[in-house]
Amino acid sequence: MIAGALLAAEEGFEAPHKFLPETYELLFGFIGFAVILTALIVFAGPVIKKALAARTQKIQDELDRSAAAKASAEAEAARVKADLAGAEAEAAGIVADARREAEQVKASQLALIDVELADLREKAAGELVAMRARSLSEVQGSIALRSIEAAELIVRRNLDQETQYALVERYIDQVGRMQGV
Amino acid sequence: MTTDHDRIAGYADALLVLARAEGNLDEVEDELFRFSRALEGSDSLRSTLTDPGIPAAKRQSIVEDLLGGRASNTTTSLISFVVGSGRSRDLPAIIALLVERAASEKSKVVAEVRSAIALTDDQQSRLTAALSQATGKSVAVKVIVDPSILGGVVAQVGDTVIDGSVVHRLAQLKTLL
């Protein structure tokens with residue numbers, strides 16, 4: 001319209017209204033628009049409506065599937081959560097049992113070790129006593145042997161003729177006092 | 001069949017008769033007894049006198065050299081006779097039987113006495129009396145000088161031993177300690 005107004009101004013044509021076109025133009029334009037609109041409503045409307053319905057249905061289906069999946073997932077999550085809770089309880093029970101059993105084993109092992117230690121201590125004490133007695137006996141034996149050797153040496157040195165004679169005399173006296181040998 | 005025991009008994013009887021015939025039985029008996037103990041105590045003398053590789057004459061010569069001047073002629077001759085007969089190995093048994101029979105003839109039992117020193121006649125006489133009294137038997141004492149007992153006397157009459165030796169006392173002391 002502006003272009004038309006400008007063109008009319010240049011050509012010296014003067015429009016009836018600055019902004020509004022001619023009435024016939026309005027009429028023809030309106031009729032053309034109505035025809036096209038009708039054609040659109042008649043031919044394209046159902047197609048568009050059907051497409052929109054199909055899309056709506058598709059979206060609704062998607063929404064339904066999603067809702068179902070969500071419900072399923074939530075149910076699964078609940079089940080898993082329940083299972084997990086059960087497993088946790090079971091695990092706690094197993095741990096408690098294991099701990100109790102470990103305590104019992106520990107206590108019995110400690111008792112066993114105590115008994116073994118007492119036994120070992122007793123044996124060690126016995127061996128110590130025996131070893132001490134053996135050592136003492138060996139020392140006494142050694143001392144006795146040395147004493148005998150020393151005594152024999154002293155006796156040999158002191159056994160002069162006079163002593164020998166006295167020993168024989170004493171022997172004769174002792175035998176003379178014996179009866180019924 | 002003649003057994004070893006019969007043969008030993010035969011030799012013992014023969015030596016006893018010969019010694020008695022010579023008139024010095026007690027002396028010969030003592031000398032034979034001492035020689036017997038010396039033979040038992042000396043491995044070299046025993047092996048020499050029993051060695052079949054050495055001629056009998058040589059063995060008799062050894063005996064005569066060994067006893068010459070230390071024993072009576074009768075004792076030397078009797079031992080030489082047994083050695084010359086090849087019975088050196090049986091000599092201790094022959095002499096033991098001879099001594100036993102000689103004592104038995106006098107109703108006595110033999111008392112083997114070991115002393116570290118030689119006993120005087122008086123001591124032997126008193127010891128004989130003491131042993132007879134102690135055992136209740138009439139004993140004939142045979143003395144052997146044995147320095148290994150160190151001192152004192154050991155007497156054996158049959159199975160009875162009366163040990164008064166120093167070596168025995170030391171052994172007792174050792175046991176006590």
Side-chain angles (χ1 to χ4, degrees), chain A residues 112-181, chain B residues 108-177:
Chain A
L112 202 64
I113 287 169
D114 282 346
V115 170
E116 284 180 6
L117 276 175
D119 192 36
L120 282 173
R121 276 197 204 100
E122 195 178 340
K123 278 182 184 169
E127 282 177 12
L128 194 65
V129 169
M131 198 183 293
R132 195 177 291 158
R134 270 202 305 276
S135 300
L136 194 62
S137 174
E138 283 173 9
V139 169
Q140 283 175 337
S142 180
I143 289 171
L145 195 64
R146 295 285 173 275
S147 302
I148 294 295
E149 286 172 357
E152 191 173 330
L153 199 65
I154 292 166
V155 166
R156 279 180 190 277
R157 282 180 184 165
N158 291 295
L159 276 177
D160 54 14
Q161 197 66 19
E162 192 178 341
T163 310
Q164 291 280 16
Y165 188 84
L167 283 171
V168 171
E169 288 298 322
R170 195 166 66 183
Y171 179 82
I172 293 169
D173 287 345
Q174 285 173 346
V175 172
R177 286 197 293 273
M178 291 179 181
Q179 293 286 335
V181 175
Chain B
K108 291 183 176 180
V109 291
V110 177
E112 183 180 315
V113 173
R114 291 177 181 273
S115 169
I117 56 168
L119 302 184
T120 64
D121 290 341
D122 176 54
Q123 284 174 327
Q124 279 199 41
S125 168
R126 284 188 287 121
L127 184 57
T128 302
L131 286 171
S132 296
Q133 186 183 331
T135 59
K137 299 168 186 171
S138 181
V139 300
V141 169
K142 300 297 172 193
V143 180
I144 305 160
V145 176
D146 183 0
S148 70
I149 67 169
L150 298 180
V153 179
V154 185
Q156 181 171 1
V157 184
D159 294 332
T160 305
V161 177
I162 305 169
D163 198 337
S165 66
V166 171
V167 76
H168 178 64
R169 300 270 174 84
L170 287 172
Q172 283 180 322
L173 188 64
K174 192 174 180 179
T175 306
L176 280 174
L177 288 174

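Chain identifiers are assigned alphabetically (A, B, ...) following the order of the sequence lines, protein sequences preceding nucleic acid strands; residue numbering begins at 1 within each chain. The analysis underlying the following values was restricted to heavy atoms, covering all of them including side chains, and did not include hydrogens, waters or symmetry mates.
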Hey, can you dump all donor-acceptor pairs under 3.5 Å between chain A and chain B, distances included?
residue: A:Q164; atom: NE2; partner: B:L150; partner atom: O; Å: 2.7
residue: A:E169; atom: OE1; partner: B:R126; partner atom: NH1; Å: 2.8
residue: A:E169; atom: OE1; partner: B:R126; partner atom: NH2; Å: 2.9
residue: A:E169; atom: OE2; partner: B:Q123; partner atom: NE2; Å: 3.0
residue: A:E169; atom: OE2; partner: B:R126; partner atom: NH2; Å: 2.6
residue: A:Y171; atom: OH; partner: B:A155; partner atom: N; Å: 3.2
residue: A:Y171; atom: OH; partner: B:I162; partner atom: O; Å: 2.7
residue: A:G176; atom: O; partner: B:Q133; partner atom: NE2; Å: 3.3
residue: A:G180; atom: N; partner: B:A134; partner atom: O; Å: 3.0
residue: A:V181; atom: N; partner: B:A134; partner atom: O; Å: 2.7

Interface moiety of A:V155 toward chain B, non-hydrogen atoms closer than 4.5 Å:
side chain
Applying a strict 4.5 Å limit to non-hydrogen atoms, the region of B:V153 in contact with chain A is both
Pick one of side chain, backbone, both or neither for A:L145, based on which atoms fall under 4.5 Å of a heavy atom in chain B.
side chain
Please classify the contact between B:V113 and chain A as side chain, backbone, both or neither, with a heavy-atom cut-off of under 4.5 Å.
neither
Which atoms of B:A171 approach chain A - backbone, side chain, both or neither, heavy atom under 4.5 Å
neither
If you round to the nearest 0.5 Å, how far is CD1 of A:I172 from CG of B:L119?
6.5 Å
Shorter than 4.5 Å, heavy atoms on both sides: which option in B:L127, B:V157, B:L150 has the most such pairs with chain A?
B:L150
Nearest heavy atoms of B:L170 and A:A151, plus distance in Å
CD2-CB, 4.1 Å
